[in-house]
Amino acid sequence: MKHALPRWSARVAVVAAMSMLLVACGSGGSSAPPPAPPLATVGPAGGTVNGPSGAHVVIPAGALATATAVAVDQSSIGAPALPAGTTSFGAMFAFTPHGTSFAVPVTVTVPFNAAAVPAGATPALYKTTGTGAWERVANATVNAGTVTAQVTSFSWIIVGNVPPIITTQPANTSVVEPATASFSVVAIGTPPFSYQWQKSDDGGQNFVDITAATAVSYTTPATSAASDNGDRYRVRVSNLEGASTSQAATLTVTVIVVAPAITTQPQNLSVAAGASATFSAVASGTAPSYQWQRSGDGTNWTDIPGATNASVTISNVQAADNGALFRVRATNSAGTATSTAATLTVAAAPPPASGVGRIAAGNGFSLAVNAAGVPYSWGADGTGQLGNGTPNADRSIAAPVGAFNAVRAVAAGGGSQAIALRTDGTVWAWGYGGSINCDFGATFPLPVQISGAAGIVAISTGDAHTLLLRNDGVVLAFGCNDSGQLGRAGTAPAASAVVVAGLPPITAVAAGGALSLALDASGNVWSWGRGALGDSSGLFAPRNTPAQIAGLTGVTAIAAAYNHAIALRSDGSVWGWGSNGNGKLGIGSNVANQFTPVATGLTAGITAIAAGGDNSMALRSDGVVLVVGINEVGQLGAPSPGFSTTWVPIPGVANAVAIAAAAQTATSHLFAVRADGSVLGWGWNIFGQVGTANTNAIVLPPAPVIGLNLN
């Protein structure tokens, strides 16, 4: 077989053994066989083979074990496609036989067109691998019009520049917090490379550069499962020829799951029948789930459906619940911890004091509750104080408060708020929000439950705050605190019930204006807030800490109004203090205010008391109702305006068992509940608050509240 004539003038020796010529290898390119290049036989002693345009290879001694026919041809036939974005500065050369490997490196020299090299760019040498990929030849030397480098195998070779090609992408990584995570990338192309790592915390929608993350690899700071799990990382690799962005790798951060342990055990509780009992526990460990259980014998336990929080509330407990045991199991993937058992003790609910909470007179409206627990309302409804929803409509006849029931006591405030105590010990409110949760301008036309109030046995409300008595003798309060009437520092209001600290066990509470009173089990009276504090401080010096009123002992009932208060002692006498305007303290004069308790004209035989804006009321043991103070709208049961500094009986009222007076200073109305359950009302009636089916300005003599019987 004979070779075709060479395409350049300098002819190299041709060996006879043409059958030794290897067919060019590689992938891609044309499938047509390349023209046979001139050959030179190079043996173990080495040699030099020249090609066109100054291309040549220098094979040192020892590079080949046997004689090999070598050729250098200016050809790209059969070569794999160049990487995208490659700029070539000259022709491609085939060094054959392709795939020949050398024991020691050989030196190749490839020409290029210097005029084709852009300013600032440096030519680089690229060759194909045995798998048909292009790679950059390291440590190449650029001379005038040629590039020289050492290689260890033959392939196609070209001079040019390649933008970064990412051959190894950043890999998804999983770590356990707080370990760091590392990401890296491998790119080929023409150095130097620059790197900028980026991060996405929205699932790959948006990436932002990471400050100072400009190396081939990036290591995160200490990780957190809460903030770093699912974040994605990628890198942008750049050189003079362009830039490439890697795929995004996902970081998975998990936590070490710590087995739960009960750190706060549930405590034994004692509540009254009808109240609620709340058991709580705290478990340490990694995100434990809770399941409360109940047992009657301490051996057999049953899961409480839906009780899967750190606390559980048992509503409306009954005598049958006495002795029940409660515990909680805290569980995660590392284990389960079980709390100790807490015992529920249920005591019979104490009955309210005679008549207390059965009838209430508020600011232009009235409330009552019958023996079946049905609450009634009538009078003004401008802020939803009748509790029947919108539209707000005044009503001069008593009617039930919607479908609301199971009520044991009601209280009506001077700020147009209504408060109800239900038989389950919860507290509900409706009317003007500025007097309920101190949300001025808000109204609540339907009853809303007061949070934090459970196990309550008595209620009382003033102008813009409410006092609650819990079955364990603790006092709670909610509403405004501008005068310290909630019994805590500062003036911040409380929308939920908060404990009044600094009191002994209490048996009764009374709120009037911004004044708060409490009666302890020993018969002593405590005061805080502003008004008739009974401590010689006057009427306008607020105090946010409870203090005992000196010199007043043996008390069985208390009542508070805007700026005066009265107390009933166990001997049936009545004592009063605060403002004596219009003679409302009943001490025989209206001259001097009394800043400490003084005896009134009632020295015996009194069973109940009430305080209105400018009046005081008392119920005598024979069922007679006595009133002292102003008579501007018939409060004293007489048509002539004026006042009385001595107690006078109300004509036409007999067999009374409970009394109530509104808190307004002058335009108040009053009630007496008779033994047969009927209710008599008199006084100011412009909104129908007396309940006589009309809106006469003044109702006299006392008239029955239509359609209402509390028995």
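Please read these numbers as outputs of a predicted model, since none were measured by experiment.
- Formation of a donor-acceptor pair under 3.5 Å by the Ser460 side chain with backbone atoms of Leu467 is not found in this model.
- Between the side chain of Thr507 and the backbone N or O of Ala521, no donor-acceptor pair lies under 3.5 Å.
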Contacts under 3.5 angstrom, residues 320-329 side chains, donor-acceptor by atom type, not counting sequence neighbours:
{"residue": "Asp321", "atom": "OD1", "partner": "Arg294", "partner atom": "NH2", "Å": "2.8"}
{"residue": "Asp321", "atom": "OD2", "partner": "Gln318", "partner atom": "N", "Å": "2.8"}
{"residue": "Asn322", "atom": "OD1", "partner": "Val346", "partner atom": "N", "Å": "2.9"}
{"residue": "Arg327", "atom": "NE", "partner": "Gln293", "partner atom": "OE1", "Å": "2.7"}
{"residue": "Arg327", "atom": "NH2", "partner": "Gln293", "partner atom": "OE1", "Å": "3.0"}
{"residue": "Arg329", "atom": "NH1", "partner": "Thr338", "partner atom": "OG1", "Å": "3.1"}

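- Heavy atoms only, all atoms of each residue included: Phe671 and Ala360 are closest at CE1-O, 4.4 Å.
- Side-chain atoms of Thr219 and Ser182 include a donor-acceptor pair closer than 3.5 Å.
- The main-chain N or O of Gly402 is found under 3.5 Å from a side-chain atom of Asn388 such that the two form a donor-acceptor pair.
- Between Val679 and Leu708, the shortest heavy-atom contact is CG2-CD2, 3.9 Å.
- Looking at Gln385, its side chain does come within 3.5 Å of a backbone N or O of Thr383 through a donor-acceptor pair.
- For the atom pair OG1 of Thr607 and CD1 of Ile659, the computed distance is 7.5 Å after rounding to the nearest 0.5 Å.
- Under 3.5 Å, the side chains of Arg234 and Gln198 contain a donor-acceptor pair of N or O atoms.
- Using a 4.5 Å cut-off on side-chain heavy atoms (C-beta onward), Val216 and Val185 make contact.
- Checked by atom type and distance alone, the side chain of Glu177 pairs as donor or acceptor with a backbone atom of Ala225 at under 3.5 Å.
- By the 4.5 Å heavy-atom criterion applied to side chains, Val509 and Leu468 are not counted as neighbours.
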*side-chain contact (heavy atoms from CB on, under 4.5 Å) between Leu344 and Val271: does it pass, once the steps are laid out?*
CA-CA 8 Å; Leu344 174 61; Val271 300; 4.0 Å; yes

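- The two residues Leu367 and Ser377 have their closest heavy-atom pair at CD2-CB, 3.7 Å.
- Within the 4.5 Å cutoff, the side chain of Asn711 has no heavy atoms near those of the Asn370 side chain.
- Among residues two or more places apart in sequence or in another chain, the salt bridge (charged side-chain N to carboxylate O under 4.0 Å, His left out) test is passed with Asp535 by Arg543.
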*Would Val235 and Tyr218 satisfy side-chain contact (heavy atoms from CB on, under 4.5 Å), going step by step from the backbone distance to the final call?*
CA-CA 9 Å; Val235 64; Tyr218 170 69; over 6 Å; no

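- In plain terms, the two heavy atoms of Ser217 and Ser184 that are nearest each other are CB-CB, 3.8 Å.
- Remark: side-chain polar atoms of Ser416 are not paired, donor with acceptor, to backbone N or O of Gly431 under 3.5 angstrom.
- Other residues, nucleotides and ligands contribute at most 12 non-hydrogen atoms within 6.0 Å of the CD atom of Gln247.
- Rounding to the nearest 0.5 angstrom, the gap separating the CG atom in Leu552 from the CG atom in Asn524 is 8.0 Å.
- Asp202 is linked by a side-chain hydrogen bond (donor to acceptor under 3.5 Å, both in side chains) to Ser200, Asn206, counting only residues two or more places apart in sequence or in another chain.
- Between Trp528 and Gln485, the shortest heavy-atom distance links the atoms NE1-O, 2.9 Å.
- Put simply, the side chain of Arg358 gets close to the backbone of Leu710: a donor and an acceptor are under 3.5 Å apart.
- With hydrogens and angles ignored, the 3.5 Å screen pairs a side-chain donor or acceptor of Asn172 with a backbone N or O of Thr250.
- Partners of Asp303 according to the salt bridge (charged side-chain N to carboxylate O under 4.0 Å, His left out) rule, which considers only residues two or more places apart in sequence or in another chain, do not exist here.
- Across all non-hydrogen atoms, the minimal contact from Phe279 to Trp292 is O-CZ2, 3.6 Å.
- For the pair Ser527 (side chain) and Leu533 (backbone), a donor-acceptor distance under 3.5 Å is present.
- No side-chain heavy atom of Asp381 sits less than 4.5 Å from a side-chain heavy atom of Phe365.
- A donor-acceptor pair shorter than 3.5 Å can be found between the side chains of Ser295 and Asp297.
- Put simply, the side chain of Thr461 gets close to the backbone of His465: a donor and an acceptor are under 3.5 Å apart.
- Of the inter-residue distances, the one linking Trp197 atom CH2 with Thr211 atom OG1 reads 15.5 Å to the nearest 0.5 angstrom.
- Thr390 OG1 to Leu446 CG: the interatomic distance, rounded to the nearest 0.5 Å, is 7.5 Å.
- In this structure, the side chains of Arg232 and Asp201 stay at 4.5 Å or more apart for every pair of heavy atoms.
- Val499 has its side chain within reach of Val474: a pair of non-hydrogen atoms, C-beta onward, lies under 4.5 Å apart.
- With sequence neighbours left out, Arg395 forms a salt bridge (charged side-chain N to carboxylate O under 4.0 Å, His left out) with no residue at all.
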*Any chance you could lay out the side-chain contact (heavy atoms from CB on, under 4.5 Å) test for Ile456 and Leu476, step after step, and finish with the verdict?*
CA-CA 9 Å; Ile456 305 303; Leu476 298 93; 4.1 Å; yes

*Take Asp520 and Leu503 through the side-chain contact (heavy atoms from CB on, under 4.5 Å) test and state the conclusion after the steps.*
CA-CA 8 Å; Asp520 69 25; Leu503 289 169; over 6 Å; no

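- The salt bridge (charged side-chain N to carboxylate O under 4.0 Å, His left out) test applied to Asp231 returns Lys199, not counting sequence neighbours.
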